[in-house]
Amino acid sequence: MAQPVRPRTIVTRKLPNSVERRMGELFEASFNADDHPMRAEELRAAVAEADVLVPTVTDAIDADLIEAAGPRLRMIANFGTGVDHIDLAAARKRDILVTNTPGALTEDTADMVMALIISVPRRLAEGEKLVRSGSWQGWSPTSMRGHRVNGKKLGIIGMGRIGQAVARRAGGFLLDVHYHNRKPLPKAVEEQLGATYHADLDDMLAEIDILSVNCPHSEETHHLLDAGRLALLGPEAYVVNAARGGIIDEAALADALEAGRLAGAGLDVHEHAPKVEPRLLALDNVVLLPHLSSATFEGREAMGDKVITNIRVWADGHRPPDQVLEGWV
Ligand code: 8YV
């Protein structure tokens, strides 16, 4: 079947104006002007008539929805890098291409990971709250002490683009970088990053002071950090997650933090987002952000550019540059 010249493209959430403008020029596109998260029936109506669906992390593109897709649906061009909300096997079964936006948000995400790595041990959010509350009594030698970041051991789970960008920054903060990944990096890259590979995740957890989660969320990595693994981190250790909430068993994390078996956590993502675990809300040693990592004007434009390029290249009859292959995530 030849590709349509101006594919009928349905975008599930409000995108930056410049991105929507360009999409409107190139495609027969429709948008979500008031940016409400689409209900299941709306998504079903969208996949019934679109050639291309442009979803985001807030849409559950599961097997049922994909099965309900009309014969026109040929492409899911995700606005975002993570694709754990899309059933890739179901899409492949229906011969529907899936693309994402890798690289567009790498550096912004790594910046936010560093912000969390600094914020939690140095008690940034607590200090800010204190000043705003009006009850700050002034400097004192013993008040609001946190823990030193420089010289500590940082463990990174997932040494893809974002993990490596975190490692590059971590060197500047004098952190000693360790990592766990399915495969080690080439020696030259390891040396450049000053990173030590741990084939065994548990060995790494037992050794580090700060953990940064930077791997994709998949069936394999769901609850990778369960109660047992969290227990391998000591009571002095901090956990930072800007990947996906489901990689950590959030209830087990709350248990460990409440019991003082972990020193603190910085979470940009939440297992049941937008619901945040109420027990975490009550803890001062936890910094909670609303999935901010890629929320820069520049990053969101770059993501839009990638979505447009993927659709355009496909519509021209070529393989889109960011096709997600099942088994890669
Ligand atoms: C995106 C993200 O903004 O790209 C990702 O995987 O986690 C985000 O920061 C979001 O997924 C948009 O769909």
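Every number for a ligand or one of its atoms is a count from 1 in the order of the listing. The residues of the chain are indexed from 1 along the displayed sequence. Fair warning: this is a prediction, and the values are worked out from it, not measured in the lab.
With sequence neighbours left out, the salt bridge (charged side-chain N to carboxylate O under 4.0 Å, His left out) criterion links Asp284 to Lys129.
Applying the side-chain contact (heavy atoms from CB on, under 4.5 Å) test between Ile308 and each of Val313, Thr9, Leu26, Val54 identifies Leu26 as the sole match.
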Which protein N or O atoms sit under 3.5 Å from any N or O of ligand 1? Give atom names and distances.
| residue | atom | partner | partner atom | Å |
| --- | --- | --- | --- | --- |
| ligand 1 | 3 (O) | Ser294 | OG | 2.7 |
| ligand 1 | 3 (O) | Arg300 | NH2 | 3.2 |
| ligand 1 | 4 (O) | Thr81 | N | 2.6 |
| ligand 1 | 6 (O) | Thr81 | N | 3.4 |
| ligand 1 | 6 (O) | Gly82 | N | 2.6 |
| ligand 1 | 6 (O) | Arg244 | NH2 | 2.8 |
| ligand 1 | 7 (O) | Arg244 | NH1 | 2.7 |
| ligand 1 | 7 (O) | Arg244 | NH2 | 3.3 |
| ligand 1 | 7 (O) | His291 | NE2 | 2.9 |
| ligand 1 | 9 (O) | His291 | NE2 | 3.2 |
| ligand 1 | 9 (O) | Ser294 | OG | 2.7 |
| ligand 1 | 13 (O) | Val57 | N | 2.9 |
| ligand 1 | 13 (O) | Phe79 | O | 2.6 |

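Residue pairs meeting the salt bridge (Lys or Arg N to Asp or Glu O under 4.0 Å) criterion with at least one partner in residues 54-69, sequence neighbours excluded, do not occur; the list is empty. For residues 303-321, the salt bridge (Lys or Arg N to Asp or Glu O under 4.0 Å) pairs, not counting sequence neighbours, are Lys306-Asp322, Arg312-Asp316.
For the residue pair His147 and Glu236, no side-chain donor N or O sits within less than 3.5 Å of a side-chain acceptor on the partner.
Pro235 places none of its side-chain heavy atoms less than 4.5 Å from the side chain of Leu262.
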